[in-house]
Novice: 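Shown below is the structure under consideration.
Remember, it's a predicted structure, so these values are computed and weren't measured experimentally. Numbers for residues simply follow the sequence, beginning at 1.
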Amino acid sequence: MAGKGYDKIVGIDLGNGMVKVRTVDSKNRPYHLVLPSAWAYKKDAGINVHSKTLEVDEFGIEDITYLWGDDVADISSIKDTYGHDNRYKTEAFHIMAKIVMAKIVADTGIKPTDKILIVTGVPSGESNTAREDEIREAFIGDTKGLHEVTVNGEEHIFKVAYVEVQSQAVASVLGRYLDEDGFVADEEYEHMKVAVIDIGAGTTDLDIVDGLRRQPEYLSVQKGFRDVYDSIRSEIRKVYPSHSVTDYELLRTMDKGKTEYKPSKIKSPVDFEKAMNDGIKEVVVDVQQAIMSKWKNQTDLDEILLVGGGANLFEEKLSNVVEGLTIPENFSTSNVEGYFRYGVYLATNGMVGAK
């Protein structure tokens, strides 16, 4: 998946809650990655890392060793990248960007001579602002895109040649318009008016994409899945006041279809189903109000996409005010799939850097 001077196309969503990656491996097979948007210092993990009790990889960057993987949330002191203003400028975000790229390089066999095109995105409210340059800088760094890292003790050198930044909402539509080879899969989207409801960790964004162009009717609701986690945490603290539980621990529990949280083997579980539903209702109320205010007339909408982590949990209640919701099969990774397909399209057609 390369072209016009690029050897590897990588779609990355370095979100507030989860990091999502879409590219291909050295044999041109689809490569997907979904891991917490948080890392830890190796020194904070104790000595058990070497006995493989934690499913994490070690990343050496500028003489400091970091840990990242499925079990990073099990480390007591983690550094997440959650935030709003100036998030892309933080050291934690820059480190996360390098760790993610190092993982991709090690897993997919990217060579030091390969030129990498990264396609990522921002909420529509940050499109065409300084935030786009800030996120580019996070991946390029002060070494003009050339990075030297170690992954589990093995040295890797890689070159980020360019970072393309696209609107998250447009990317979700592009992922349906294009196939994974960058060719048009459904030309109807060239003339369709698509509404996108994107439920994120901290916000829910409402967008209109008409003829593959983002429209000015953008609205961000300051509610997201983190509010659901907060509701669950409040319920847990009623039973265990001093206990701390992270978003990632709750997500892992919910991904298993469970609505009980057990802090340890010797403690009684806490049933959080009602608290979870209460948190969902809280988010839905604000999103419903925004929809009724912003999209008073929905008759000219050809499609309404509901995407983002946990979107399926919101479908029933949002359907009360939005008729004909569509939840894609890849609802939690729709934007990163769009980044990747758009990157292949741009590179193949020699359009990198074009708006």
Novice: Do the charged groups of Lys20 and Glu337 touch, with an N to O distance under 4.0 Å?
Specialist: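 No, this pair does not count.
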Novice: Verify the neighbour count for atom CD of Glu187: are there more than 12 heavy atoms of other residues, nucleotides or ligands below 6.0 Å?
Specialist: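 Open: at most 12 neighbouring heavy atoms sit under 6.0 Å from CD of Glu187.
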Novice: For Arg87 and Thr81, test the side chains for any donor-to-acceptor distance below 3.5 angstrom and give the result as yes or no.
Specialist: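 On atom types as modelled, these side chains qualify, holding a pair under 3.5 Å.
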Novice: Could you please spell out the steps behind the side-chain contact (heavy atoms from CB on, under 4.5 Å) verdict for Val10 and Phe340?
Specialist: CA-CA 6 Å; Val10 183; Phe340 172 71; over 6 Å; no
Novice: I'd like to check Arg214 versus Ser127 (side-chain heavy atoms, cut-off strictly below 4.5 Å). Are they in contact?
Specialist: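 Counting from C-beta outward, Arg214 and Ser127 do come under 4.5 Å.
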Novice: When rounded to the nearest 0.5 angstrom, what is the spacing between OG1 in Thr108 and NZ in Lys103?
Specialist: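 If I round to the nearest 0.5 Å, the distance is 10.5 Å.
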Novice: Do the side chains of Lys115 and Asp7 get close enough for a salt bridge, i.e. N-O under 4.0 angstrom?
Specialist: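 Salt bridge flag = no for Asp7 with Lys115.
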Novice: Run the salt-bridge test on Arg252 and Asp255 with the 4.0 Å N-O cut-off and return the result as yes or no.
Specialist: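 No salt bridge links Arg252 with Asp255.
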Novice: Is any NZ, NE, NH1 or NH2 atom of the basic residue among Lys274 and Asp278 found under 4.0 Å from an Asp or Glu carboxylate oxygen of the other?
Specialist: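 Yes, this pair counts.
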Novice: If you count every heavy atom of other residues, nucleotides or ligands that lies below 6.0 Å from Asn297 atom CG, does the total exceed 12?
Specialist: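 Result for CG/Asn297: enclosed.
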Novice: Once the angle between the rings of Trp68 and Phe59 is folded into 0 to 90°, is it parallel (under 30°), tilted (30 to 60°) or perpendicular (over 60°)?
Specialist: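 Plane angle between 30° and 60°, so tilted.
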Novice: Please state whether the rings of His243 and Tyr261 are parallel, tilted or perpendicular, taking 30° and 60° as the class boundaries.
Specialist: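 Ring orientation, 0 to 90° scale: tilted.
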Novice: Is there a side-chain contact between Val163 and Val160 in this structure, where contact means two heavy atoms from C-beta onward sitting under 4.5 Å apart?
Specialist: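 SC-SC contact between Val163 and Val160 confirmed.
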Novice: Answer with yes or no whether the side chains of Glu126 and Tyr88 bring together a donor and an acceptor at under 3.5 Å.
Specialist: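 On atom types as modelled, these side chains qualify, holding a pair under 3.5 Å.
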Novice: I'd like to know if the side chain of Tyr339 pairs up with that of Glu164 as donor and acceptor (distance under 3.5 Å, no hydrogens or angles considered).
Specialist: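 The answer is no; no qualifying pair exists.
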Novice: Compare all side-chain heavy atoms of Leu206 with those of Val196 and state whether any distance is below 4.5 angstrom.
Specialist: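 The answer is no; the side chains never approach within 4.5 Å.
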Novice: Salt bridge or not between Asp114 and Lys159? Use side-chain N to carboxylate O under 4.0 Å.
Specialist: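 No, Asp114 and Lys159 are not salt-bridged.
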Novice: Would you please classify the geometry between the Tyr342 ring and the Tyr345 ring as parallel, tilted or perpendicular, with 30° and 60° separating the classes?
Specialist: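 Rings of Tyr345 and Tyr342: parallel, under 30°.
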Novice: Please check if any side-chain donor atom of Tyr177 sits under 3.5 Å from a side-chain acceptor atom of Glu190, or the reverse.
Specialist: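 Distance-only check passes for Tyr177 and Glu190.
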Novice: Just wondering, do Lys79 and Tyr66 contact through their side chains at under 4.5 Å, heavy atoms?
Specialist: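 Side-chain contact under 4.5 Å: no.
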Novice: Relative to each other, are the rings of Phe158 and His147 parallel, tilted or perpendicular (30° and 60° limits)?
Specialist: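 Aromatic pair Phe158/His147 classed tilted.
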Novice: Could you tell me the separation between the NZ atom of Lys8 and the CD1 atom of Ile118, rounded to the nearest 0.5 Å?
Specialist: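 Atom-to-atom, Lys8:NZ and Ile118:CD1 are 12.5 Å apart.
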